[in-house]
Structure formats: C-alpha cells, structure tokens
There are 2 protein chains.
Amino acid sequence: MAIPRAAKTLRRTRIQEEKEELILEAALDVFSVSGFRGSTIDQIAEVAGMSKPNLLYYFRTKEAMHRALIDRVLYNWLEPLRAFDAEGNPESEIRSYIRRKLEMARDFPRESRLFANEMLQGAPHVLDMLKGPLKELVDEKAAVIRTWTKSGKIAPCDPYHLIFSIWSTTQHYADFDVQVRAVLGEEHSGDGRFEDAARFLERLFIGGLRPD
Amino acid sequence: MAIPRAAKTLRRTRIQEEKEELILEAALDVFSVSGFRGSTIDQIAEVAGMSKPNLLYYFRTKEAMHRALIDRVLYNWLEPLRAFDAEGNPESEIRSYIRRKLEMARDFPRESRLFANEMLQGAPHVLDMLKGPLKELVDEKAAVIRTWTKSGKIAPCDPYHLIFSIWSTTQHYADFDVQVRAVLGEEHSGDGRFEDAARFLERLFIGGLRPD
DNA sequence: TGTAATGTTTACCAATCGGTCAAATTATCT
DNA sequence: AGATAATTTGACCGATTGGTAAACATTACA
C-alpha cells in the first residue's frame, strides 16, 4: 500500500526524484505553449510517456504540478537581475545584463513562455510573488540605477522603465520566436539572430543611456 | 427554418450585425486572457449574455469565432507600421511610431494579448499571415530604415531588430500589464505610467539611434 | 394581418476533462 | 527468498467540453 502523500516528501526515493523531474520537464513543454487552462493532464502524461494516474501519483492535481514547476523555475529566472551589481560601472553592468537575459531567452525559451502565459492570464498563480519579492528586487536595482543617473554616469531616465525595456526586448526573442522567425525568413532566423540582436540591443541601450 | 449558413453572409440582418459584434467583443475578452485552447464557448456565451446554441447560430465553431475575431482585429493592428513614412525625417517617424504603438497598448490591450497568446502557442492560426503580408510589410519598412542608416541619418543598425524592439517595448505595457502594475505599485501604476514610458522610450530610441 | 424567414431556447449527445480506486506490478530491505 | 513498501495501471466517475436537433418565438415584409 502506498504511503500517505504527506509523508512522501519526507523521504524521497530515487524513482521519485527521476519521475518528478520527468513530469516537470513534460509539464514545462505543455504549460509553456498552452497556458494553465489550455493544458491537460493527458497531454503532459503523453509527453512524459506515462499514464495519467501515474502522474497524479506524484502530483495530486494539475494545480500542484503547475505550482511545483513555477517554484522550480522562478529562482533561476531572476538570477540575472540579482547579479546586477551596484559596484560595477553602468555601461558594463547594463551590457552584461542584456547579454544574460538574451542568453536566457535563447537557452530557456519554454521558461520564458511559461511566465508570459502566466502574465497574459493576469498572473493568477504568481501575483503575490510579483508584488512581494520581485518588486523588492526591482526596487533595489532601480535605486542603484538612480544613483547612476543622479551622478551623471548615465542619462537621466526612469529606472523602472529601463528595466522593463530590457526585459521586453530580450524576452521577445523567446516569447515571439515564431514571429521573429517568420519575419526574418529561413535564412536569417538561425542561431546567428541572437548575435545580431545582442549587437543591436547593446548599441541601443548604451547609446540611448549615454549622458548628454 | 434558418437559411444555410453559407447564404447568411450574403445579406446581413440588423440583428446579425449587432449580435456578431456583441459576440466578437465577448470573444475578445475571453480569448485574450485564456488563449484559444483555454477558452470555452460557455465562457464567451456568458460574457455576451446569450445562450451557447445562440452563439453557435452565428459562428458555427469556436475556430470560426476565433478566426473572425483575428481577421477583424488584424488590419487595425498593423496600421501604425503602415503609417511609417519613408519621406518623413527619421527622428520624428520613429518617435511617432513609438507613440502610436504605445497608444495601441493603452487603448487596445486585449487585442495585444490576443496576438501574444497566438504567438506563444506557435501562431497556429496566423502563421501564413506572419510569413506573407506581415513579412512583406516589415521588409518594406526595413528597407526604408536601411536608407536612413546608409545615408548616416541614424546610426548603423539592423532595421529588423529595431522594429522588434519597438514592438516588444510598447506591447509589454499591454501584455505584461499585471507585472508592470505589481512592480510599480499602486501609486505609479495609474494612467501616468504611459507618459513615463513614452518619455523613456523616446529618449532611449532617439538617443540610441543618433549617428556617432 | 398573415406567413415565411430569422432568431432563440431546451434538451441532448459523444468526447474529453480532472481525478479516484483497487488491483496488479515492481523495487527495497532483511 | 520473503515480506513490505513503493510504483503503475485499467476501469471508472461526475463534470465540462464543443456541438446538434428540433421545437419555439420573433421579426420582416407582402
């Protein structure tokens, strides 16, 4: 007889680790495309190559799967912003933040789309995190940027909208990938487009923030 | 007895005009939040204040409703890019394009989210339009921008990524509205944020594209 | 006003949804 | 090996899904 679910998390088996990993991987595939409401447990089960009741043995509900997935992905997602350093010089900090965010869009497009889907739906599962930890982190970095504008190291500008614009331009290449590919055509939509994007964005932001 | 659906579009009744309008309005509400898969006919029927079979009298399937909605919204959505004028001077053209796109994000956020949802899902319903008409329009405008860079009127840069970055930064305020509000907090998330965004983005792009 | 076309609703359908259960299978440990 | 715990599955449940059929109600027009 299976042990009660509450106890399951106390001591985790090898199989548990492996299967939960497998499930969350499949869940990321599905949720990132169709969003929470548009995804079905059967879809995820098929991608994971296991039966639906077996999925539900590891995660009791669709909600629980989604929550576990978001929890797992969130920390890494904010890492680039956390790395944003007050001590460094503005130009190289902004440049490397753009780089890192663009690399995330290239290497983790599903994670980006997972959040984008969540945002479009009004962030029903992460609203508290947005208003709490995220806001605090952004406030902190915005304060750093403000010292740069005050001291004339970069042009005077609203630090929040600066952060938003870096988020949006970089994540665009993950979230709107299909549009980018369609517009650029087969020949320019390969991996080289990330280098082109990096070149453009660095020039845009560095040039746009140069003090007069 | 109802006339065959194919003939329905030949002569349209007053009631047909009104109800189809009502339905598409409700469909925009629902599809823009939950995407195609995540939305149900019942939801749309409830928002529209009519019964499900009545909806299906005007649009035979969920697909047909979605297609009609996208067709209706698409033309207006591309209007700002179409207005992008080769004869004008670069700075004011770019400035007013940003303004217009930002106004669209403010005044038609549901339309923006409708497309964003479509993109996240791999554009299953508009892929041909992206590869055809959209690509042609963007190619045309990119050629205009390239004449500006060649003649030194703006800094040398990839015109496609310039367009992408204007799209992404402006649409961000519609698609990620909930995140923007959460991070800015109650006090700064009012209508004034669009003015702040406009100021920031104009400075960013005009400054970033100024020839050395 | 009569009547034919148009519009609306109730009742319903098969398929799919999220989720349960008990039985069967497999892994673990002594 | 045998016992026990952990894992997996097929059968199933009630609710919801997209969609239909036909009766009913309303509108437009001669």
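Only heavy atoms go into these numbers, but all of them, side chains included; no hydrogens, no water, no symmetry mates. Every chain is numbered from 1, with letters handed out A, B, ... down the list of sequences. All values derive from a computational prediction rather than experimental measurement.
Partners of B:R110 according to the side chain to side chain donor-acceptor pair (under 3.5 Å) rule, which considers only residues two or more places apart in sequence or in another chain, are B:E25, B:D29.
The distance from atom CD1 of A:I166 to atom CZ of A:R100, rounded to the nearest 0.5 Å, is 11.5 Å.
For the pair A:R60 CZ and C:dC21 P, the interatomic distance rounds to 12 Å; values are reported in whole Å. Spacing between atom OH of A:Y58 and atom P of C:dG18 amounts to 20 Å, rounded to whole angstrom units. Atom CG in B:N54 sits about 12 Å away from atom C1' in D:dA25, given to the nearest Å. A straight line from CD of B:E17 to C1' of C:dG7 spans 15 Å, rounded to a whole angstrom. For A:E46 and C:dC17, the CD to C1' distance is 15 Å, given to the nearest whole Å. In this entry the distance linking CE of A:M50 with P of D:dT9 reads 7 Å, nearest Å.
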Scan nucleotides 11-18 of chain D against the protein and return all N/O pairs shorter than 3.5 Å with their distances rounded to 0.1 Å.
residue: D:dG18; atom: OP1; partner: B:S39; partner atom: O; Å: 3.2
residue: D:dG18; atom: OP1; partner: B:K62; partner atom: NZ; Å: 3.2
residue: D:dG18; atom: OP2; partner: B:I41; partner atom: N; Å: 3.0
residue: D:dG18; atom: N7; partner: B:K52; partner atom: NZ; Å: 3.0

Can you tabulate the close N/O pairs, meaning under 3.5 Å, that link protein atoms to atoms of nucleotides 28-30 of chain C?
residue: C:dT28; atom: OP1; partner: A:R14; partner atom: NH2; Å: 3.1

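The shortest distance between the side-chain N/O atoms of A:Y57 and the OP1/OP2 oxygens of D:dT7 is below 4.0 Å. Put simply, A:S51 has no side-chain N or O that comes within less than 4.0 Å of OP1 or OP2 on D:dT8. In terms of phosphate contacts, A:Q16 brings no side-chain nitrogen or oxygen within less than 4.0 Å of OP1 or OP2 of D:dA6.
B:E103 and B:R106 are not joined by a salt bridge, as no carboxylate oxygen comes within less than 4.0 angstrom of a charged side-chain nitrogen.
A cation-pi arrangement is absent between A:R67 and A:F59, since the terminal nitrogen or guanidinium carbon is not both under 6.0 Å from the aromatic centre and inside a 45° cone about the axis.
In this structure a side-chain-to-backbone donor-acceptor pair under 3.5 Å is missing from A:E17 to A:R14.
For the salt bridge (Lys or Arg N to Asp or Glu O under 4.0 Å) condition, the pairs that include at least one residue of residues 34-59 of chain A, sequence neighbours left out, are A:D42-A:K52. Residue pairs that meet the ring-ring contact (aromatic ring centres under 6.0 Å, His included) test with at least one member in residues 92-142 of chain A, sequence neighbours left out, are A:F36-A:H125, A:H66-A:H125, A:W77-A:F115, A:F84-A:Y97.
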Mind listing the side-chain donor-acceptor pairs of residues 129-136 of chain A below 3.5 Å, one per line with the distance, residues two or more places apart or on another chain?
residue: A:K135; atom: NZ; partner: A:D139; partner atom: OD2; Å: 3.2
residue: A:K135; atom: NZ; partner: B:V183; partner atom: O; Å: 3.3

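Classified by interplanar angle (parallel below 30°, tilted 30° to 60°, perpendicular above 60°), the ring pair A:F176/A:H172 is parallel.
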